[in-house]
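Lettering of chains follows the sequences in order, A, B, ..., and the numbering in each one begins at 1.
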Amino acid sequence: MSEARDSGAAIGRSVPRPRADRLLAGQGRFTDDISLPRMVHAAFLRSPHPHARIRSIDVAAAAQAPGVVRVVTGAEIAAQCKPYAGLHQLFSGMRVPDQVPMAVDVARWQGEPVAVVVAVSRAQAEDAVELIAVDWEPLASVVDPRAGAAPDAPVIHAALGTNVAYDGTVAHGDIDATLTAAAIIVEGDFTFGRHTGVCLETRSILADYRASDETLTVYESHQCPAQQQDIFARLLGLADNKVRVVCPDVGGAFGIKQQLYGDELAVCILSRLLRRPVKFVADRLESFTSDIHAREHRVKARLAVSADGRLLGLDVDDWFGIGAYSQYPRSSIGEGSHVLRITGAAYDLAAYRARMRMVLQNKNMVGHYRSVGHPIAIAVAETLIDDAARKLGIDPVEIRRRNYIAEAGYPHASHGGFVFEQLSLHACLDKIVALMDLPRLRREQDESRRKGVYLGIGLASFVELTGTGPDYYGKGEVRVSAQDGCMVKLEPSGKIRCFSSVTDQGQGVDTAIGQIVADMVGVPFDDVAVFSGDTEVSPYGGGAWASRGASMGGEAAVRAGRALRENILAVAGCVLQARPDELAIEQGAVVNAGDRRIRMTLAEVARIGYFRQDLLPAGMQPELSVVRHYVPHGRTFVATNGIQGSLVEVDPDTGFIRLLRHFVVHDGGTMINPMLVEEQIRGGVVQGLGAALYEEINYGTDGELTTGTMADYLVPMAFEMPDIDIGHVSVPLSGSELGAKGVGEAGTAGASAAVINAVNDALAPFDAHLTQLPMSPERVLRALRKIA
Amino acid sequence: MDEMRHVTLTVNGEPVSRPVPVRLSLVDFLRGDLGLTGTHVGCEHGVCGACTVRLDGRIVRGCLMLAVQADGAAVETIEGVSDSGEINGLQDEFRNRNALQCGFCTPGILLTANELIRQGRVLTREDVREHLSGNVCRCTGYQAIVDAVMAAASRGSTP
């Protein structure tokens, strides 16, 4: 790569994000900030019942209410589009129901849209929603996944004949014999509460169908504009070259905004029905009831260990509740699949067996939230390893070091069926021991304990799958593109305009793309302007998911930037009568490759290329815009790794847990912008800390949501959060130009596991132990047997 | 249903006088009627702080006030304090430390942090964390925000 890069000024530097300026000035442009002429507003009537038959819907009073333009039921909406199903064909035997945008005849989760009012103002639409009369016949509901799999359980989708959407096992070696022969077996019964992303900007969409030429323009708070363009065109029967999806500034996404939502598809249909723009912005209650949920798992696991602390085998049994449907287009299986395949992935296990049952329930849909499935898999394995260490009197650092995949063992065929080319588990462990100054922390812990203060220290190693390649969704016949693209154009001024298909919801990937393009072309970073999120002008690509912006979009940017550089030098070579290999580009000017003397500016190249082609030889066609794409071949995922450490104080009288410090050592490969990498990790950690201590979507025993406000569902606030120290081990990704791996989800992957281990370490003197998240004060006191 | 009442106030120093529905929240009035979309709506029940604006010199939640309650008041929004240069130093520190990601909470956080800095006290990190504990940021994890506010406070960048 070195010969292709004339000036390495930008890559590796912590440049601030250009996008930050408008956001800091209050000039961000989020979807709800956009208004169009003749725009009207939609408000949904949602099912108050977890499971109920709709006997009839009377919209007469609502239709007469002030400001109302139209009232439409789910059946009328369903007639306007094709059904869809969140199926993934890599998982044989998976059975999922067809979906339509809104409930027809039966509502299957509390919050499912049933009817919709379109009115001149949102307030009037909401007023009219209250006037819709539905005659409901409540039905028995399925809440717990295991109960849902029982033979006598009510079947949610009669066409499937069962609530079990998938039942699969991954096996390696002889786990039964290993469990029989092991010196000790540690067991755990883990319960993980439901989460959701709580994007501060709620889901928002503004659909504008123009009947005169059959074009649909959709402004949507979303991560994957090209995917949405494809979906809207196919399901609505529109020409996709007349469907434009624009994702303007997006106020947080975290995986919550990468799916198709029925209410958002309904808004597109309403715009076509009414021939005018229709806007819908979810309120916070709607967000809790209908945003993708995650992490409802009950996992029983057994770890077989030898007397000298060798991990021999792991047996995992996961019950995974996904709500009433499988999310589209990715399917809801991702979390369960990761639990099946990456539990204990950092360790060399001779025997492994995991079974996962994915069960439909009368709850909101579960899908992909930051670090899909990893927090579950990592918490299970890391908790058991600490339990084994405690039982055997081995230090938690030592038991990990003894059992990691051997450094000489790469490439490693994992027990879950992946190939890990190169991980840096040992180096990360060594680094975090130093970063935390673990010997000193252990001494402090001992001294505090004597004073009745209970500190706990927890570690959690993790392997994380990022940068999904075409072997996962492609082979699964899921229309999610593993490819990304980058367009670069020389402007007449000599500056560069760049359009990337990866999108930015705050991660800073557009800044990283700009840094890459700057270095590849040979211009200062400030001379590159990067845009994204508009299918009208973007090259095709998957958007933002699976921590792949830098590792996939970045590789496309390398190729596009390099191609533009070559094309610029071809024009310059004609003008300067030099061979292109005698020239280079540095700081926005064409220079001699040898003595680096400036020969002409890029502005001069652009002037000739755009306005004075008469100066060029006949037949010379200046190509000063180029598009390049990148798709990773030969990898299902890009595996990254790291380790996290947590220091907590637990008050055994109140059950309160204070997070004192948190530490991360991560291997994200080559860092394009270290500041943005670290801030991605910190933000991810804090979502994992929320998972550990506060966040839980609760449903009552019949399936009614009981966490409908931000006062019920607690997200981390500034006062409760610790400072987070970060270290890096950077093993570049082989076979890539940049060497960058994923970082966006790493923080979330291991944070909650580190905290569980820290809490259990603090509570060890009391012989108390937690295996349920979040670790509320009540659950801590219950573990301490202070309350029943 | 939509009973109206006339309100007269100043918004970012400019006079505003017009009828508003009595049930309209201050934040919806600022965003919808006046086009001041820098103030955001995050939860509509006073928990997240995204709708924070300044009213007669004090920060308030735009979602917990009605527009009619602002009759006679001086309201300042992110657009106002940004254009006046009042929070330039804070904005610089936020940019340089990447103390914002999606930017949706940022206007509310800037107004809240600016109020703390205007008190002119010597601040600890705990002071900053406590003062910001009514503003949700779902992206950053807060540490860079605390760093930025500390830095802005120590350079006395805002009056």
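Both the backbone and the side chain of A:Ala123 come within contact range of chain B, with heavy atoms under 4.5 Å apart. With a 4.5 angstrom heavy-atom cutoff, A:Met710 touches chain B via backbone and side-chain atoms both. Both the backbone and the side chain of A:Val198 come within contact range of chain B, each with at least one heavy atom under 4.5 Å from a heavy atom of that chain. For A:Thr202, the part lying near chain B is the side chain, with the backbone staying farther off; criterion is any non-hydrogen pair under 4.5 Å. For A:Asp504, no part lies near chain B; criterion is any non-hydrogen pair under 4.5 Å. For chain A, the nearby part of B:Asn135 is the backbone; its heavy atoms alone come within less than 4.5 Å. A:Asp249 does not touch chain B: none of its heavy atoms, backbone or side chain, sits under 4.5 Å away. At a 4.5 Å heavy-atom cutoff, A:Glu720 makes no contact with chain B through either its backbone or its side chain.
Between chain B and the residues A:Leu23, A:Val15, A:Ile681, the largest count of heavy-atom pairs under 4.5 Å involves A:Leu23. Of the listed residues (B:Gly42, B:Gly38, B:Gly35), the one with the most heavy-atom contacts under 4.5 Å to chain A is B:Gly42. Interface summary for chain A: among B:Ile78, B:Val47, B:Leu100, the most heavy-atom pairs under 4.5 angstrom belong to B:Leu100. Interface summary for chain A: among B:Cys43, B:Gly32, B:Ala50, B:Cys137, the most heavy-atom pairs under 4.5 angstrom belong to B:Cys43. Chosen from B:Thr39, B:Leu24, B:Thr77, B:Asn96, the residue pairing most often with chain A at heavy-atom distances under 4.5 Å is B:Asn96. Per-residue counts of heavy-atom pairs under 4.5 Å with chain A were compared for B:Asn98, B:Leu132, B:Thr106; the largest is that of B:Asn98. When each of B:Cys102, B:Ala99, B:Pro21 is checked for heavy-atom pairs under 4.5 Å with chain A, B:Cys102 comes out on top.
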- Please report the C-alpha distance between A:Arg122 and B:Asp28 in whole Å, then the side-chain angles of each, then the deciding distance to 0.1 Å, and finally whether the salt bridge (Lys or Arg N to Asp or Glu O under 4.0 Å) criterion is met. CA-CA 11 Å; A:Arg122 170 66 182 245; B:Asp28 285 348; over 6 Å; no
Determine whether A:Leu200 and B:His40 satisfy the following criterion, side-chain contact (heavy atoms from CB on, under 4.5 Å), listing intermediate values before the conclusion. CA-CA 9 Å; A:Leu200 210 50; B:His40 297 145; over 6 Å; no
Trace of the side-chain contact (heavy atoms from CB on, under 4.5 Å) decision for B:Arg138 with A:Gln687
CA-CA 8 Å; B:Arg138 192 59 165 159; A:Gln687 291 190 355; 3.6 Å; yes
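Residues B:Glu79 and A:Gln27 have side chains that never bring a donor and an acceptor to within less than 3.5 angstrom of each other.
Once rounded to the nearest 0.5 Å, the distance linking CZ of B:Arg31 with OG of A:Ser35 reads 8.5 Å. Put simply, OG on B:Ser82 and CZ on A:Arg22 are 14.0 Å apart, with the number rounded to the nearest 0.5 Å. To the nearest 0.5 Å, the span separating CD on B:Glu130 from CZ on A:Phe719 amounts to 5.0 Å.
Residues B:Val41 and A:Arg284 form no side-chain contact, since every pair of their non-hydrogen atoms from C-beta on lies 4.5 Å or further apart. Between B:Arg95 and A:Arg17 the shortest side-chain heavy-atom distance does not fall below 4.5 Å. Inter-residue side-chain proximity for A:Arg682 and B:Thr140 is flagged as unmet; no heavy-atom pair is nearer than 4.5 Å. Taking the side chain as every heavy atom from C-beta outward, A:Gln507 and B:Gln101 never approach each other to under 4.5 Å. Between A:Phe254 and B:Cys139, the closest side-chain pair of non-hydrogen atoms falls below 4.5 Å.
Summarising the geometry of B:Pro107 relative to A:Gly26, their closest heavy-atom pair is CG-CA, 4.4 Å, with the distance given to 0.1 Å. Closest heavy-atom contact between A:Leu24 and B:Gln91: O-NE2, 3.0 Å. Nearest heavy atom pair, residue A:Ile724 against residue B:Gln143, reads N-OE1, 2.6 Å.
A:Arg658 CZ: 12 or fewer foreign heavy atoms inside a 6.0 Å radius. The local environment of CZ in B:Arg5 is sparse, with at most 12 non-hydrogen atoms from other residues, nucleotides or ligands closer than 6.0 Å.
Under a 4.0 Å N-O distance rule, the pair A:Asp723/B:Arg125 qualifies as a salt bridge.
B:Tyr142 places no side-chain N or O within donor-acceptor distance of the main-chain N or O of A:Val686, the cut-off being under 3.5 Å.
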